[in-house]
Engineer: 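So that we are looking at the same thing, I have put the structure below in structure tokens.
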Amino acid sequence: MTAGRDAAPVLSVRGLIKRFGTTTVLDGVDLDVARGEVLVVIGASGSGKTTLLRCVNALVPYDAGSITLEGTEIGYTAPNSGVRRGDRALARLRADIGMVFQMFNLFPHLTARQNVALGLRVTRGMPRREAEARAEHWLARVGLADKMDNLPSALSGGQQQRVGIARAVAMEPKLLLLDEITSALDPELVGEVLDVVRGLARDGMTMLMVTHEMGFARDAGHRVVFMDAGRIAEEGPPREVLGHPRSERLRRFLRRIELRTE
Amino acid sequence: MIDAMIYALPFLWDGFLITLAVSGIVVAASLALGLVFGVILAFGPVWIGLPIRVFADTVRAIPLIVLIFTVYYGLPALQVPLSPFWAAVAALAAFKTGHVIEIVRGAITSIHPGQMEAAKSIGLTFLERLVYVVFPQAVRCFLPPWINSVTDSVKGSALVSLVGVVDLMMAIQQVIGRTYQPMPLYILGAMIYIAVNAALSVASRRLEARFAATVAT
């Protein structure tokens, strides 16, 4: 699975700095994600994982550095230009980056089918029939063929999150961002959501995933990045990073996580 | 008494149309302006939100009657010629716009910020996010106070009679001036206002029920 990836990374982050007031949340992050790669980001809360994802999807501005998707600068007109891209340009770029949220963020006034079809119709300009057919295809893929007409309020957490994944993937993004997508779920619903992500990984979807599911990181991730205080502290193959942590910080973090999940 | 009412009805028709016209124009103008400024207040930068905030708070803090006289006497003094009708309509619309701005802002900020982010993540532009995601959800919070404000507009339109516009209220007083029978006429007037507002209430309850059905909590 690691073989045959393109040499040019899909996502490239260089020297990313993000401050909230006087607090530096991201303190010079460098990161590449290759085509078809599943990159798992781990770290304690407050280490900057979620902020990193939000910068990549241009949901928040950042102070310095460069983020490119297939060579195109995201968020700003040029690296460190300080000139934010316009609304329409940002929207076009975001359409190529899928995002799945911790709290699902489904549109409560739309059915599962309409949730998935909205971006296809409005952003991709598909006719309704075609958009809904594509939505139905993806909802079936995530195991919700019988829930197409349900409003989110009539779905379980795990089902809602699978709609969230279908909504993101149906846009056929070049990169999929997953932000602690199982943290808000009851333990017995985590498996069904992670199974969907595994399937996407097998199909070659490029993913940048923040998670606390170490078992998943170990067997589905191609590479693991450990973030600490806004920097990348360790990175490498899952078995190495999780099995033989070099720093005391990571050892302590992994012990806390293991205790929680046992 | 009934005779007096029946006698008066034809004389009230033109005034009734003026009352409907004033209410209609005020409701439409305040809805359009309130939507635009309310959205700017909710999403725009502080430097443009601040004057909107000041406007909304000021017009809502002034008694409507003072606002009407200020516009009626004030604008001609500033070399802006306005007929009594348009002066009164402008004052009422400004007053109502202040309310609608506040209702729109409240309804929009009641929507979870995650909704806007999810809409961004599927590539919707700002306007598309409003039309497809924010407004359909915000309308439930918007409708009840807004319908209240619409019935207020109908009642408030009676104040235009104070600057000489012959609306329903003024027409009633003109008939009283001829017949010297105030009670039947005021009761008739009350019944007409009640009929209009009752129709609005029924329509609004239908609307609310429709939106409540499409958006589960």
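Predicted model only: the values in this text are computed from it and were never measured.
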Engineer: Side chains of B:Ser121 and A:Arg94, heavy atoms from C-beta outward: is any pair under 4.5 Å?
Structural biologist: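 Of all side-chain heavy-atom pairs linking A:Arg94 with B:Ser121, none is under 4.5 Å.
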Engineer: Go through the atoms of A:Arg124 and report whether side chain, backbone, both or neither lie under 4.5 Å from a heavy atom of chain B.
Structural biologist: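 A:Arg124 has no heavy atom closer than 4.5 Å to chain B.
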Engineer: Using non-hydrogen atoms and a 4.5 Å limit, figure out which bit of A:Leu90 sits close to chain B: side chain, backbone, both or neither.
Structural biologist: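 Neither part, no heavy atoms under 4.5 Å.
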Engineer: State whether the side chain of B:Gln137 and the backbone N or O of A:Phe107 hold a donor-acceptor pair below 3.5 Å, judged by distance alone.
Structural biologist: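 Not a single qualifying donor-acceptor pair exists.
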Engineer: Mind listing the closest non-hydrogen atom pair of A:Arg167 and B:Ile122 along with its distance?
Structural biologist: CG-CG2, 3.9 Å
Engineer: Could you give the distance from OG1 (A:Thr123) to CG (B:Leu124), rounded to the nearest 0.5 Å?
Structural biologist: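 Spacing of OG1 (A:Thr123) from CG (B:Leu124) equals 4.5 Å.
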Engineer: Tell me, please, which residues at least two apart from A:Met205 pass side-chain contact (heavy atoms from CB on, under 4.5 Å).
Structural biologist: A:Val169, A:Pro173, A:Leu176, A:Leu200, A:Met207
Engineer: Around atom CZ of B:Arg205, are there more than 12 heavy atoms from other residues, nucleotides or ligands closer than 6.0 Å?
Structural biologist: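 12 or below, so no.
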Engineer: Should the heavy atoms of other residues, nucleotides or ligands under 6.0 Å from CZ of A:Arg88 be counted, would the total exceed 12?
Structural biologist: no
Engineer: Is atom CE of A:Met103 surrounded by more than 12 heavy atoms (other residues, nucleotides or ligands) closer than 6.0 Å?
Structural biologist: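 No, not enclosed.
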Engineer: Please determine whether the number of non-hydrogen atoms from other residues, nucleotides or ligands lying under 6.0 Å from atom OH of A:Tyr62 exceeds 12.
Structural biologist: yes
Engineer: Identify which part of B:Glu128 has an atom lying under 4.5 Å from any heavy atom of chain A, answering side chain, backbone, both or neither.
Structural biologist: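 The side chain, not the backbone.
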Engineer: Do B:Arg140 and A:His109 make a side-chain contact, defined as non-hydrogen atoms from C-beta onward lying under 4.5 Å apart?
Structural biologist: no
Engineer: Would you call B:Lys120 and A:Asp87 a salt bridge, using N to O less than 4.0 angstrom?
Structural biologist: no
Engineer: Using heavy-atom distances under 4.5 Å, tell me whether A:Met99 contacts chain B through its side chain, its backbone, both, or neither.
Structural biologist: both
Engineer: If you count heavy-atom pairs under 4.5 Å between each of A:Leu118, A:Ile97, A:Asn57 and chain B, which one has the most?
Structural biologist: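 Among A:Leu118, A:Ile97, A:Asn57, the one with the most close pairs to chain B is A:Leu118.
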Engineer: Please classify the contact of A:Phe101 with chain B as side chain, backbone, both or neither, using a heavy-atom distance under 4.5 Å.
Structural biologist: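 For A:Phe101, side-chain heavy atoms alone lie under 4.5 Å from chain B.
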